[in-house]
Amino acid sequence: MSISDTLTTAWYFGRARWRWRLNRQRLRDFQNTKAQQLIPWVAQHSAFYRQHWQGHDLRDWRNLPVVDKRLMMANFREFNSLEVPAAAAFDLAQQAEQERDFVPRLGDLTVGLSSGTSGHRGLFLLSPAEQLLWVGTILARTLHQIKPTKIAFFLRANSNLYQQLGGRLIQFRYFDLTQALEPQLEMLNTYQPTIIVAPPALLLQLLAAAQTGELTHRPERMISVADALAPDEQAQLSTFFGIPIEQIYQATEGLLAISCAHGSLHIQEDLVALDFEDLGQGRVTPYVTDLWRRTQPIIRYRLNDVLRLSSQACSCGSSFAVIEQIEGRRDDICYFTAHGQRQAMFPDSLRRAILLAHPAILEYQIIQPADDQLQISLTIADTADATLVSTAVEQQIQRQLAEYGCSAYHLSIDFAAIDYGTLNKRRRVIRQ
């Protein structure tokens, strides 16, 4: 990183620290000021948004028409402000993943691919200035103390974005999820990172390795990324390692939330303005407006995630809103008939039913092929009685559905080895 880039990053770092203390009204005013600067610029430089917003009052930015991944990818060249063709960006990103060389850029742009949980991979573009903003902000929000820090970062794909985290105080080392874990455990024991950043599935593998003695190093902090962290997994990791398990909630659509030093997952409201669609039962779906990105503008972008928001202020003192839990994908809400009406059953309710059923359950997956049907696969301990486990699961599911008034449904349970691996997102509840 050049001296100029270092100074710019330091400036973004300082501003991010300052904004962290904005009260609710000043934060709302800040969002509005940034949006009022951004929207007219985007209307001028993005052919897609210019057409998409025809006939709408651009000053009323929170009520502009919604976009989603399908619209973005179908209109990628017109969507981004530099008219970068989707084919060129895809070719570079796929070549990087195949060759495991993540240095090349498209001009001066960093290009990346989303994981494509829903079967449709998304592209993201970042300019050098946007990368420096990201680096300065994420360092400000994740480094709770300024001291020499070693970071071990486990991801499917590396990026120029992540490599810029390195500096004099910070050592950054990328660990490739496509590689075998055993030699990387040796590297961890030697490198002795202060912070391990990894998807939940990998963190659980590290937990297993620590329990057998293969992983002897104990990091000061662990941060879960790239997938939803279930409360029971968070508790397992925290109990064994004796530290809070933090989270970074980031998507193609922006840096959405980061855990504070007190462990609360705060929406980064000075970076993104989130509006919410109420799904009922305390759940919401977010609509994202990234207040800073201009290369690939993200404005009123509908995510597919199901969130539960906290109504409690965080003891850290920040007024930034808190996400209580990221529950999964909206597409995986299951449906049953109750009192003649179609009743939604959120994935977390079904997950809790399985977890409460029997301690011998090691892994599970729930599939709903159609309304009023569930197919459950279980991996259980070798010493467990399959009949007892099956009966316990059936009783818990029956109890959960009865709370919603659902009685007529078909349930099947089988036993199989379930291995999500570390490269794929763990979709434990799937609606087909």
Side-chain angles (χ1 to χ4, degrees), residues 117 199-201 203-205 207-208 211 224 227-240 245 279-283 306-308 324-339 342-422 424-432:
T117 312
L203 293 179
L204 292 171
Q205 288 191 0
L207 169 61
Q211 290 170 331
S224 175
D227 201 358
L229 178 65
D232 62 299
E233 296 168 343
Q234 190 170 20
Q236 289 176 47
L237 290 162
S238 182
T239 298
F240 182 87
I245 307 303
L279 301 179
Q281 302 176 40
R283 277 83 170 183
V306 176
L307 311 178
R308 278 195 286 118
E324 185 172 327
Q325 189 178 343
I326 304 166
E327 290 199 356
R329 301 170 62 250
R330 183 168 172 166
D331 288 349
D332 291 332
I333 298 174
C334 295
Y335 292 91
F336 298 87
T337 303
H339 310 297
R342 197 171 188 238
Q343 172 68 51
M345 182 74 65
F346 289 95
D348 189 57
S349 298
L350 294 170
R351 283 194 291 263
R352 279 184 294 139
I354 298 295
L355 293 172
L356 290 171
H358 201 285
I361 297 173
L362 304 178
E363 192 53 87
Y364 63 92
Q365 188 171 64
I366 304 168
I367 295 176
Q368 184 172 56
D371 284 15
D372 301 316
Q373 297 180 29
L374 283 182
Q375 298 171 355
I376 300 177
S377 295
L378 302 171
T379 301
I380 62 175
D382 293 338
T383 56
D385 185 317
T387 301
L388 290 178
V389 173
S390 179
T391 300
V393 168
E394 185 173 357
Q395 289 174 345
Q396 279 293 339
I397 294 292
Q398 184 179 24
R399 187 176 295 115
Q400 185 69 51
L401 293 175
E403 290 181 8
Y404 290 85
C406 310
S407 56
Y409 59 90
H410 179 266
L411 173 66
S412 66
I413 299 173
D414 63 73
F415 296 86
I418 302 170
D419 182 10
Y420 296 100
T422 54
N424 301 314
K425 297 209 180 225
R426 298 161 309 146
R427 294 179 62 192
R428 288 199 167 101
V429 181
I430 300 173
R431 176 171 171 82
Q432 294 180 329

Residues, nucleotides or ligands: over 12 heavy atoms within 6.0 Å of Glu394 CD: no

Tyr335 side, atom OH; Gln343 side, atom CD - distance, nearest 0.5 Å: 10.0 Å

Between atom CD of Gln396 and atom CG of Leu401, what is the distance when rounded to the nearest 0.5 Å? 11.0 Å

Please check if atom CD in Gln281 has more than 12 non-hydrogen atoms from other residues, nucleotides or ligands closer than 6.0 Å. yes

Output the distance between atom SG (Cys406) and atom CZ (Arg342), rounded to the nearest 0.5 Å. 12.0 Å

Is any side-chain heavy atom of Arg427 closer than 4.5 Å to a side-chain heavy atom of Asp227? no

Please tell me if the side chains of Arg428 and Pro347 come closer than 4.5 Å, counting only heavy atoms from C-beta onward. no

Tell me, do Val389 and Ile361 make a side-chain contact under 4.5 Å, heavy atoms counted? yes

Do the non-hydrogen side-chain atoms of Arg330 and Ile333 ever get within less than 4.5 Å of each other? yes

Of all heavy-atom pairs linking Phe415 and Ala386, the shortest is CZ-O, 3.3 Å

Flag side-chain contact, heavy atom, 4.5 Å: Leu355 against Tyr364: yes

Measuring from atom CD1 of Ile376 to atom CD1 of Ile397, what distance do you get when rounded to the nearest 0.5 angstrom? 4.0 Å

Please answer whether the main-chain N or O of Thr337 pairs with a side-chain N or O of Asp371 as donor and acceptor at a distance below 3.5 Å. no

Donor-acceptor contact present, side-chain Ser377 to main-chain Ala416, <3.5 Å: no

Contacts of Asp348 that satisfy salt bridge (charged side-chain N to carboxylate O under 4.0 Å, His left out) - sequence neighbours left out: Arg308, Arg351, Arg352

Partner of Cys334 by side-chain contact (heavy atoms from CB on, under 4.5 Å), out of Ile367, Leu350, Ile430: Leu350

Any side-chain heavy-atom pair from Gln400 and Met345 closer than 4.5 angstrom? yes

Polar side-chain atom of Gln373 near backbone of Ala370 as donor-acceptor pair, under 3.5 Å: no

